[in-house]
Number of protein chains: 2
Amino acid sequence: MARPSRPLLSVPRIAEAALALVDAGGDFTMAALADSLGVRPSSLYNHLAGREEIVEAMRTLVLEQGAKELGSEAVRGPEEAVRLILRSYREAFARHPRIIPLVTSYTVSAPAVMRWYEELADQLTVLGIARDRLLDVITVLDSLVLGAALDLAAPDEVWDRRSTRSALLAAAIAASPPGRERADRAFELGLDLVLGGLVRLATTASAGSSRT
Amino acid sequence: MARPSRPLLSVPRIAEAALALVDAGGDFTMAALADSLGVRPSSLYNHLAGREEIVEAMRTLVLEQGAKELGSEAVRGPEEAVRLILRSYREAFARHPRIIPLVTSYTVSAPAVMRWYEELADQLTVLGIARDRLLDVITVLDSLVLGAALDLAAPDEVWDRRSTRSALLAAAIAASPPGRERADRAFELGLDLVLGGLVRLATTASAGSSRT
DNA sequence: ACCTGAACACCGTTCAAGT
DNA sequence: ACCTGAACACCGTTCAAGT
């Protein structure tokens, strides 16, 4: 059939199909991806340079979905705003937890991702975080969210109860709800702990610099 | 030459050689690994079931190195103890940051890893964390450390200064030290924020439950 | 401009043969 | 028990040919 009158493929269509494969099976191959699009593997190279660019397109797709919800809610203040930003970022990954391992070693430059960090920087400044501390704080929040997202990709039983000889740890594992519920509760606790610390950091820093 | 009088290979030797390849190049292939051991690829299968088991052996190797330093220092109290545990875990990965992306999808059962969580559970209990909160807290700390470790595997320039239109974010990126120094400073800040929160959590919880 | 089909080098893994 | 060499199916990628 050679060239169709209208293109069968596009970068977003390819990324969506790849995401569906990863959601279902944890990974994708060029052959399976082409198959699911009703096309030959070599056709994909008319739209992207290769597998790596497909992964990049998937990440952009996921984060753009998350960014949509960002401005939609009324917010009571900067602390609440930071909470919402962090939650929405984690939830974007929570919808497709299995791409996380594919996406971890990368350079951030996609506009959709950058906007997320810009909003975060703004709200942290309103909260009172000093300029020279800003990127350290962003890095901490990034670590927490990425680690929490990673936790979502983990198996339901993160810790094997039978492989410990500690009664204390075994009991804690047994008492905790499984999988997603534990992950969600823990993330909210993490937000409480870190944001509590941030508010105090902002307060003490501004008290110290009030004579400037 | 067929079978040698003494085995040329062993699981630890294979894991070490694979780790050297990953440290140098970010990944390994069975062919390159066999080559670096002076052996044919098929020989590896006499010692492990396949590539996946090699990755597992590498993780165990890295975490055992980190666990060695664990009990060696005198400690002033449980908060300091928790700090040391978290630091040593992150530092184990910091020595081989490039394995982190290979190792992120989990099932914790290796004894070396379990001992780390046992010690953490003990010290958190001494600190005053309630039993029913224990696994949530461990999950938060796990997220922070894993996220911070992931940050170590990232390129020197995590954020591309030129791809943002926010003057605030651009200035923060420009002002921050590059690569490892930013990552280290941010991790220490993360420890301060979370542990501060944990101490307050322990205090308020024990105050609330004092009438039990 | 965009899909195809054949061909490429390379990948992880299996297994009978050898000592 | 442990290394070898040949063979396997599969992988991502290239490119001349077709419209």
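Letters A, B, ... mirror the listed sequences (proteins, then strands); counts begin at 1. Since we're looking at a predicted model, the values are computed, not measured.
At whole-Å resolution of the value, CG in A:D35 and P in C:dC3 are 15 Å apart. Rounded to an integer number of Å, the gap from B:L44 CG to C:dC15 P is 17 Å. Atom CG in A:N46 sits roughly 12 Å away from atom P in D:dT14 (whole-Å rounding). Between the P atom of C:dG12 and the CG atom of B:L48 lies a distance of 14 Å, rounded to the nearest Å. A:D27 places its CG atom 16 Å from the P atom of D:dC10, with the value rounded to the nearest Å. If you take CD1 of A:I54 and P of D:dG12, they are 9 Å apart, rounded to a whole angstrom.
A salt bridge links A:R83 with A:E79: the distance from a Lys NZ or Arg NE/NH1/NH2 to an Asp or Glu carboxylate oxygen falls below 4.0 Å. Salt-bridge annotation for A:R87 and A:D184: absent, with no side-chain N of the basic residue lying under 4.0 Å from a carboxylate O of the acidic one. The pair B:R59-B:E56 counts as a salt bridge, with a side-chain nitrogen and a carboxylate oxygen less than 4.0 angstrom apart. Look at B:R185 and A:D132 and you find no salt bridge, because none of the NZ, NE, NH1 or NH2 atoms lies under 4.0 Å from a carboxylate O.
At a cut-off of 3.5 Å, with distance as the only test, a side-chain donor of A:D142 or A:Y117 sits close to an acceptor on the other residue.
With distances taken from any side-chain atom of A:S42 to the nucleotides C:dG5, C:dT13, D:dC2, the minimum falls on C:dG5. The A:M30 side chain lies nearest to D:dG12 when the options are D:dG12, D:dC2, C:dC3. Residue A:Y45 has its side chain nearest to D:dT13 when only D:dT13, C:dC3, C:dG12 are considered.
With a cut-off of 3.5 Å on both Watson-Crick or G-U wobble distances, the partner of C:dA7 is given as D:dT13. Across all strands shown, the partner of D:dC2 is C:dG18, judged by Watson-Crick or G-U wobble contacts whose two distances both fall under 3.5 Å.
When the side-chain nitrogen and oxygen atoms of B:S43 are compared with OP1 and OP2 of D:dT4, one or more of them lie within a distance under 4.0 Å. For A:R51 and D:dG12, the shortest distance from a side-chain N or O to OP1 or OP2 is below 4.0 Å. The side chain of A:H47 contributes an N or O atom lying less than 4.0 Å from OP1 or OP2 of C:dC3. Phosphate proximity of D:dC3 to B:R40: absent, as no side-chain N or O sits under 4.0 Å from OP1 or OP2.
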